[in-house]
Amino acid sequence: MSFPLLTATAVLPAIGAIATAAVPAAQRTAAKWLALLVSLGTLALAITVLVRFDPGGDRYQFTESHSWIADFGVRYELGVDGIAVALIALTALLIPFIILAGWHDADPLETGSKRWRPTQGFFALILAVEAMVIISFEATDVFLFYIFFEAMLIPMYFLIGGFGDRAHEHGEKVASTQRSYAAVKFLLYNLVGGLIMLAAVIGLYVVAGNFSLQEIAEARANGTLDMATNTERWLFLGFFFAFAVKAPLWPLHTWLPNAMGEATAPVAVLITAVVDKVGTFAMLRFCLQLFPEASKWATPAILVLALISIVYGALLAVGQRDMKRLIAYASISHFGFIIMGIFAMTSQGQSGATLYMVNHGISTAALMLVAGFLISRRGSRLIADYGGVQKVAPVLAGTFLIGGLATLSLPGLAPFVSEFLVLVGTFTRYPVIGIIATFGIVLAALYVLVLYQRTMTGPVKPEVSAMPDLRVRELVVVAPLVALLLFLGVYPKPLTDIVNPAVQQTMSDVHKKDPQPEVEAAK
């Protein structure tokens, strides 16, 4: 039997989470280093998957299949296509930076704190989330996917509610209340979505007789499984609702600004750059493959919702006073672009959406983590409390600017390529939607440049006059992310080569071909 590479990639952080939680309470530093080493080991496994993956080979590679709950046809089935490989690599890449950026976020507030192993618990929960996200990208059994799709909510709930941001204008008591509110809202929204999906999963089993994604998709393709139109539409809506909550798509988005605003900056990155990607990934893997006709039926409505997300998120970002909530609303706008690209039903749109998932993860991580370093120095999330930072901390200001420019998709930085492909892919089939969506780009330039101008330029405020520049640990976090933004902005081919074959197969699943350009015959 060949080495179970996919299982190892998910199990290593799970074992690391248990080991980190078991470190004695007095050995906080040892727990941090253990978590970091485990995350680096997981990254090495993810790179192995990336390098060994053959874009021209089978659709699902490194497959594993074992009987699990035989009476109900549930199997432990794993496999990855090019889209999953890219997102597993993104997840494994970001976790070490999240751990390094949050190195002191779970330290006790006072000497002799009696809280139960706060540091060990913080880093163990991060590794637990990583394990669950990776196996969600790998699962090709619908029931197996559902279990981890829901299970990741529990560690995220404790990360938001138990280890929230300490920089709060109204003091620790109010901050604790708002953290609890944000954590409960996150949990309830996603649990409701998950319960609706569970009903759809059961309905799918009743119709198909098993939970295997590959078997059901093949049966749909060759005509041996024929779903009634209404049945397929209801099942699609059950799956899509849960994914739209996780994504998050307007109007199911309202949990995200609260969660990102109250969480620490590294946990905010974990939410929007890692966990939320499971929602958009699942739209590609499950909605389009299992319910192709229903996906096409729902496309016009979904595109309208995505368009509202783009414009609405950007407009609210413009008016924010809180730095972290601004980035949260910007992410809602960006997820609108991703979902628009998926349901444009063109190869450019879906390739752009997949690239957008990866590039948004890197750019948001860069911007949010630098914002977190800034907030930890000043002790405030309010934009108005800053000014003139570039004069006292030029490296911090410079990396903040690069993260912001990537967020507005400046040409030469990675998100530009993905946003351009999404817009081109949408315009070729839905020109009106594509044209209106470009308004989101204008608004992105507005909220990013105004944010930079208000925080980094102008007179130096007394409260930031002694602000230190980025430290070595912080540079180790930010520099690789900036380098990736530049590299993938100039040369995205390594990523597109992996993603494009999977996108073509997804297009085949929904029986869609790219629109042919209308060329006037030469006279």
Side-chain angles (χ1 to χ4, degrees), residues 49-63 78-90 137-140 212-223 236 239-240 243 277 280-299 302-303 306 337-360 414 417-430 434 488 491-517:
V49 173
L50 182 66
V51 171
R52 291 180 55 188
F53 182 80
D54 179 13
D58 294 337
R59 179 171 190 173
Y60 293 104
Q61 300 178 31
F62 312 107
T63 54
L78 305 181
V80 289
D81 59 4
I83 298 169
V85 166
L87 293 173
I88 290 170
L90 171 70
F137 290 141
E138 297 173 344
T140 56
S212 173
L213 170 67
Q214 296 183 68
E215 290 182 15
I216 297 172
E218 288 174 6
R220 296 301 312 276
N222 59 32
F236 167 84
F239 277 77
F240 180 80
F243 303 152
K277 297 301 187 300
T280 46
F281 164 80
M283 292 178 188
L284 278 166
R285 170 165 280 191
F286 295 101
C287 286
L288 297 190
Q289 287 190 52
L290 295 175
F291 316 110
E293 296 306 317
S295 296
K296 290 185 283 189
W297 163 76
T299 287
I302 294 171
L303 288 177
F337 277 109
I338 294 171
I339 295 170
M340 186 176 74
I342 292 171
F343 284 90
M345 300 294 183
T346 60
S347 58
Q348 299 100 325
Q350 292 187 358
S351 292
T354 305
L355 292 179
Y356 215 133
M357 290 186 234
V358 175
N359 295 332
H360 171 263
V417 179
S418 44
E419 193 166 281
F420 178 78
L421 285 173
V422 166
L423 288 171
V424 169
T426 304
F427 184 82
T428 56
R429 199 180 292 279
Y430 303 98
L488 293 175
Y491 189 63
K493 187 176 183 296
L495 197 54
T496 56
D497 286 346
I498 293 173
V499 166
N500 284 343
V503 166
Q504 293 299 330
Q505 290 164 334
T506 303
M507 289 282 292
S508 176
D509 290 334
V510 292
H511 309 293
K512 281 284 190 178
K513 295 182 180 180
D514 289 329
Q516 295 299 313

Determine the minimum heavy-atom distance between [X] and [Y], stating which atoms define it.
X	Y	value
S295	C287	OG-O, 3.0 Å
F343	T299	O-CG2, 3.1 Å
L423	G434	CD2-O, 3.9 Å
M345	L288	CE-CD2, 3.7 Å
L303	A344	CD2-N, 4.1 Å
V358	L90	O-CD1, 3.7 Å

Checklist entry - Quick check, are the ring centers of F236 and F286 under 6.0 angstrom apart? => result no

Rounded to the nearest 0.5 Å, what separation is found between the [atom1] atom of [X] and the [atom2] atom of [Y]?
X	Y	atom1	atom2	answer
E138	F62	CD	CZ	10.5 Å
Q348	N500	CD	CG	9.5 Å
L213	E218	CG	CD	9.5 Å
F53	Q61	CZ	CD	4.0 Å

Checklist entry - Are D81 and R285 close enough, and set up right, to give a side-chain contact (heavy atoms from CB on, under 4.5 Å), and what steps lead you there? => result CA-CA 10 Å; D81 59 4; R285 170 165 280 191; 3.7 Å; yes

Donor-acceptor pair, distance only, cut-off 3.5 Å: does the side chain of [X] make one with the backbone of [Y]?
X	Y	value
D58	Y60	no
S508	Q504	no
Q350	I342	yes

Within the structure provided, determine whether [X] and [Y] are in side-chain contact (heavy-atom separation under 4.5 Å).
X	Y	result
I88	V80	yes
I498	L50	yes
F137	V85	no
I302	F240	yes

Item to check | Any residue meeting side chain to side chain contact (heavy atoms under 4.5 Å, CB included) with P292, in chain and number order, not counting sequence neighbours | outcome: R220, E232, V510

Checklist entry - What residues form a side chain to side chain contact (heavy atoms under 4.5 Å, CB included) with V417, not counting sequence neighbours? => result L355, L421, P492

Residues that [X] engages under side-chain hydrogen bond (donor to acceptor under 3.5 Å, both in side chains), provided they are two or more places apart:
X	value
R59	D509
S418	N359
T280	none
E293	K296

Item to check | Verdict with reasoning, V422 to I338, per side-chain contact (heavy atoms from CB on, under 4.5 Å) | outcome: CA-CA 7 Å; V422 166; I338 294 171; over 6 Å; no

Checklist entry - Is a side-chain donor-acceptor pair under 3.5 Å present for E419 with Y356? => result yes

